[in-house]
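Throughout, numbering of the chain's residues begins at 1 and tracks the sequence.
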Amino acid sequence: MAQGTHISPQIPRSNKSSLFISENRNEDNLESPNQLSLGKPPTAMRHCSSTLFLAEPESKFGVIGYKSSSNESSGYQPVFRSGSYSEKGPKQYMEDEHICVDNLQEHPATDSNLPSPGAFYGVFDGHGGTDAASFTRNNILNYIVEDSQFPLGTKKAVRSAFVKTDHALADAKSVDSSCGTTALTALILGRNMLIANAGDSRAVLGKRGRAIELSKDHKPNCTSERLRIERLGGVIYDGYLNGQLSVARALGDWHIKGSKGSKSPLSAEPELEEINLTEEDEFLIIGCDGLWDVMSSQCAVTMVRKELMIHNDPTTCSRALVKEALQRNTCDNLTVVVVCFSPDPPPKIVIPRLHRRRSVSAEGLDRLKGVLGTAM
């Protein structure tokens with residue numbers, strides 16, 4: 001678990017990496033184990049330097065967007081279990097926080113009469129200190145379950161909770177106005193999973209070996225975010241919003257947002273993605289950008305799937321991803337949560353062999369007859 005005991009000195013520019021992650025993410029090059037040189041930060045073009053964990057070439061699986069059909073596997077009921085791992089990496093302070101609640105009914109603020117089993121997970125990547133991330137970790141779930149719309153109107157409850165947390169950070173005397181955090185949460189009720197994201201952390205679903213990205217990295221240079229920022233009077237300088245922050249959405253940072261109620265280029269509004277889990281959905285990876293700066297979504301899913309087939313332990317999987325990111329010279333804190341939807345390990349994927357029927361064209365057959373006739 002992230003300790004959250006260190007507070008970094010206040011600086012005018014965010015400690016978060018200024019690396020721009022393009023919307024069209026590159027697949028890892030799995031055959032180049034020494035692609036990243038030691039001691040150098042990762043470049044904007046991501047290359048996978050690992051030859052570990054990968055039983056099948058990544059080209060067999062595509063990174064695609066997906067939304068499950070609501071009538072698929074109607075009798076399926078997921079079982080939630082999770083594991084997490086954090087390290088401060090090369091940074092001086094650890095500013096990440098995270099939360100794992102495998103049984104929502106056991107949460108103190110939750111009604112024990114929820115209509116279906118539920119779970120809640122989140123990662124919070126702080127900057128300017130750990131106060132905002134710690135405050136968000138401790139309060140955002142309470143704001144969700146105490147909302148009058150919960151559990152029937154989960155989208156409204158989650159959106160409201162992000163706004164309430166953001167405003168509470170402005171009022172909290174224990175949190176400096178220059179402190180902020182990204183927030184990515186996964187709320188699961190039965191088979192329904194709602195991903196909410198404000199910032200550059202990422203949620204990736206493992207679906208029978210395929211990586212399904214359920215969130216978008218909110219970087220200032222992302223086209224949609226850049227247009228929103230400029231429309232509201234903000235500027236982007238060297239990849240930073242107003243020259244200060246490397247994310248386009250975050251909670252806190254009231255030194256940038258100004259007064260409550262005013263429109264700010266820095267938004268706390270989460271983007272939501274809702275899916276219905278099926279038997280093909282094996283696990284969820286949520287991690288801060290320290291992981292995704294140096295690893296593609298598909299590479300992470302491939303690693304976790306093979307690890308689960310060996311030991312079936314999500315905590316060990318989270319640790320493996322963190323250690324791999326450190327070997328690839330990430331420049332940031334690292335926090336990873338792996339959530340499994342079954343008590344069993346993933347089944348082995350059998351790729352059928354292609355039986356190609358070979359035939360000779362009429363023209364080729366005539367030529368062959370001619371050659372044979374000449375030789376006789």
Side-chain angles (χ1 to χ4, degrees), residues 1-19 86-99 122-144 160-185 196-201 218-220 225 229 232-270 288-290 331-335:
M1 296 285 288
Q3 298 300 315
T5 55
H6 301 291
I7 300 178
S8 67
Q10 304 301 322
I11 54 177
R13 195 177 177 100
S14 167
N15 283 338
K16 294 176 66 61
S17 170
S18 62
L19 179 67
S86 296
E87 282 200 21
K88 70 182 182 68
K91 284 198 166 184
Q92 185 177 3
Y93 302 100
M94 181 61 176
E95 297 177 311
D96 291 353
E97 292 280 359
H98 65 281
I99 182 172
V123 292
F124 313 102
D125 187 351
H127 45 266
T130 191
D131 289 352
S134 297
F135 182 93
T136 303
R137 178 197 183 278
N138 294 333
N139 291 280
I140 195 166
L141 178 55
N142 292 337
Y143 288 141
I144 293 174
S160 176
F162 271 65
V163 174
K164 287 179 181 177
T165 304
D166 187 45
H167 288 178
L169 285 168
D171 298 332
K173 296 181 179 180
S174 61
V175 180
D176 192 277
S177 63
S178 62
C179 185
T181 183
T182 67
L184 187 152
T185 63
N197 181 47
D200 56 1
S201 296
H218 293 139
K219 297 288 188 180
E225 295 300 307
I229 290 169
L232 294 173
V235 296
I236 300 172
Y237 177 74
D238 195 25
Y240 284 79
L241 192 160
N242 289 351
Q244 301 178 69
L245 201 61
S246 67
V247 291
R249 303 195 189 197
L251 279 60
D253 295 298
W254 284 98
H255 66 299
I256 296 176
K257 292 176 179 173
S259 59
K260 287 193 295 183
S262 61
K263 287 287 187 179
S264 171
L266 178 62
S267 174
E269 178 80 9
C288 297
D289 66 322
C331 297
D332 209 343
N333 297 150
L334 287 157
T335 296

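Judged by distance alone, the side chain of Asp176 and the main-chain N or O of Ser178 form a donor-acceptor pair under 3.5 Å. A side-chain donor-acceptor contact under 3.5 Å links Trp254 to the backbone of Asp166. Counting only distance, with no hydrogens or angles, the side chain of His218 and the backbone of Gly199 share a donor-acceptor pair below 3.5 Å. Arg249 contributes a side-chain N or O that, together with a main-chain N or O of Glu269, makes up a donor-acceptor pair within less than 3.5 Å.
Distance check, rounded to the nearest 0.5 Å: CG of Leu245 to CD1 of Ile256 gives 5.0 Å. Taking CG of Leu251 as the reference point, atom CG of Asn139 lies at 11.0 Å (rounded to 0.5 Å). Taking CG from Asn197 and CG from Leu184, the interatomic distance works out to 4.5 Å, rounded to the nearest 0.5 Å. Between the CG atom in Asn242 and the CD1 atom in Ile229 there is a gap of 8.0 Å [rounded to 0.5 Å]. Here the NE2 atom belonging to His255 is positioned 9.5 Å from the SG atom belonging to Cys179, to the nearest 0.5 angstrom. Atom-to-atom distance recorded for Asp332:CG and Asp289:CG is 4.5 Å, nearest 0.5 angstrom.
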How far apart are the C-alpha atoms of Lys88 and Glu95, what are their side-chain angles, what is the distance that settles it, and do they pass the side-chain contact (heavy atoms from CB on, under 4.5 Å) test?
CA-CA 8 Å; Lys88 70 182 182 68; Glu95 297 177 311; over 6 Å; no
Take Phe124 and Thr185 through the test side-chain contact (heavy atoms from CB on, under 4.5 Å) and record every step on the way to the result.
CA-CA 9 Å; Phe124 313 102; Thr185 63; 4.1 Å; yes
Before you tell me yes or no, could you show the steps for Phe162 and His167 under side-chain contact (heavy atoms from CB on, under 4.5 Å), namely the whole-Å CA-CA distance, both residues' side-chain angles and the distance that decides it to 0.1 Å?
CA-CA 9 Å; Phe162 271 65; His167 288 178; over 6 Å; no
Run the side-chain contact (heavy atoms from CB on, under 4.5 Å) test on Ser86 and His98 for me, step by step, so that the C-alpha distance in whole Å, both residues' side-chain angles and the decisive distance to 0.1 Å come before the verdict.
CA-CA 9 Å; Ser86 296; His98 65 281; 3.5 Å; yes
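Of all heavy-atom pairs spanning Tyr93 and Asn333, the tightest one is O-ND2, 3.0 Å. Shown here for Ser246 and Tyr240, the closest heavy-atom pair between the two residues is N-CD2, 3.6 Å. Contact record, Ile144 with Ala161: CG1-CB, 3.4 Å, taken as the closest heavy-atom pair. For the residue pair Cys288 and Ser201, the shortest heavy atom distance occurs at CA-OG, 3.5 Å. For the residue pair Leu266 and Gly252, the shortest heavy atom distance occurs at CD2-O, 4.5 Å. The minimum heavy-atom distance between Glu225 and Lys219, with the atom names listed, is CB-O, 3.5 Å.
A salt bridge links Asp171 to Lys260: one of the charged nitrogens lies within less than 4.0 Å of a carboxylate oxygen.
At a cut-off of 3.5 Å, with distance as the only test, a side-chain donor of Thr335 or Asp96 sits close to an acceptor on the other residue. Counted by atom type alone, His127 and Asp253 present one or more donor-acceptor pairs between their side chains at under 3.5 Å. Side-chain atoms of Glu97 and Ser134 form a donor-acceptor pair, as typed in the model, at a separation below 3.5 Å.
For Lys164, the side chain to side chain contact (heavy atoms under 4.5 Å, CB included) partners two or more places apart in sequence, or in a different chain, are Tyr143, Asp147, Ser160.
Here the side chains of Leu169 and Thr136 are in contact, with some heavy-atom distance below 4.5 Å.
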